Amino acid sequence: MRLFTTPDAMRAWSHDQRRGGHRVAVVPTMGALHAGHLALVEAALQRADRVIVTIFVNSLQFNLSNDFDSYPRPIDDDLSACERAGVDAVYAPTAAAMYSSEFQTYVEPGELADRLEGPLRPGHFRGVTTVVTKLLGATTPDLALFGQKDFQQLAIIRRMVTDLDLGVEIVGVPIIREPDGLASSSRNVRLSPDDRVGAVVLSQALTAAASAFLEGERSADSVMATVVSLIKTEPRASLEYVAVVDATTLQPVTRIESPAVVLLAGWFGDVRLIDNCVLGDNGHC
Ligand code: PAF
């Protein structure tokens, strides 16, 4: 497995691979790799001949400095996990290689970033679109894979790649859940043991919403009320928002007619978790 820390070295290797006729996939991450990331790698290995994982904790997308400072950075474990998973190259640039003191160009997302997570995390999606553009520029892949847990991020990245003609196929990979249903996240390790037990309420609430939909409920208000009442049963949880939106435009819906998704964010102590469920015909998330 190759390790690159500068965009030029990364790009040269990727160009060589593509010149050699290989299809190149990239899995952008901020490290602290878990089962969700490994599912992205697995999906990449199935679709490409060469797989690059990027590992970079992107200061631009954190609006709380203590969240950035406390973000886990187990780089040795991450490199071993990549090696074991069959990754061909890791791109782990330094902060200086990504954002020099002269850095001044940003990618501004449009209205998809104005709702849900957007107002609660000012500047977050601008940080994501900027870094993803840089990571795609350094890795020059045929395709890039992102988890559906960050549903809004995925929608914004798809829009950006189309709007800016970046010519990269974007693949969304379904959420990986821990055995009790909690969505895999790098933040889960920061939950206290009691909060970790209580956090299962998020996926339980989404599953209840999915079952209600399957049983014929089409009112977004009723689906949201189901989520709220279930989360209220867990005193350790503090629900920040729940929304039912169109799966493409992310506009709130009142009646669920086209493909829709229920999204939520909640706090357990100082750990913020997000989760979502596409309302479909299987009754679970
Ligand atoms: O989803 C993430 O881990 C990050 O937002 C990403 C896409 C790697 C950009 O830093």
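Heavy atoms only: backbone and side chains are in, while hydrogens, waters and symmetry mates are out. In this text the structure is predicted, and so the values were computed from the model without any measurement. Ligands are counted one by one from 1 in listed order, and the atoms in each one are counted from 1 as well.
- Taking the six-membered ring where tryptophan is involved, the planes of His34 and His37 are tilted, since the angle between them lies from 30° to 60°.
- The side-chain tip of Arg73 points at the ring of Phe68 from less than 6.0 angstrom away and within 45° of straight on.
- Applying the side chain to side chain donor-acceptor pair (under 3.5 Å) definition to pairs two or more places apart or across chains, those involving residues 107-122 are Glu108-Arg126, Glu117-Tyr241, Glu117-Arg272.
- We find that Arg196 and Glu178 are joined by a salt bridge, their nearest charged nitrogen and carboxylate oxygen being less than 4.0 Å apart.
- Counting only N and O atoms by type, the side chains of Ser14 and Thr139 include no donor and acceptor under 3.5 Å apart.
- Trp13 and Phe4 have tilted rings, their planes meeting at an angle from 30° to 60° on a 0 to 90° scale.
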Between ligand 1 and the protein, find all N/O pairs closer than 3.5 Å and give the distance for each.
| from | atom 1 | to | atom 2 | distance (Å) |
| --- | --- | --- | --- | --- |
| ligand 1 | 1 (O) | Gln153 | NE2 | 2.8 |
| ligand 1 | 5 (O) | Gln61 | NE2 | 2.9 |
| ligand 1 | 5 (O) | Gln153 | OE1 | 2.7 |
| ligand 1 | 10 (O) | Gln61 | OE1 | 2.6 |

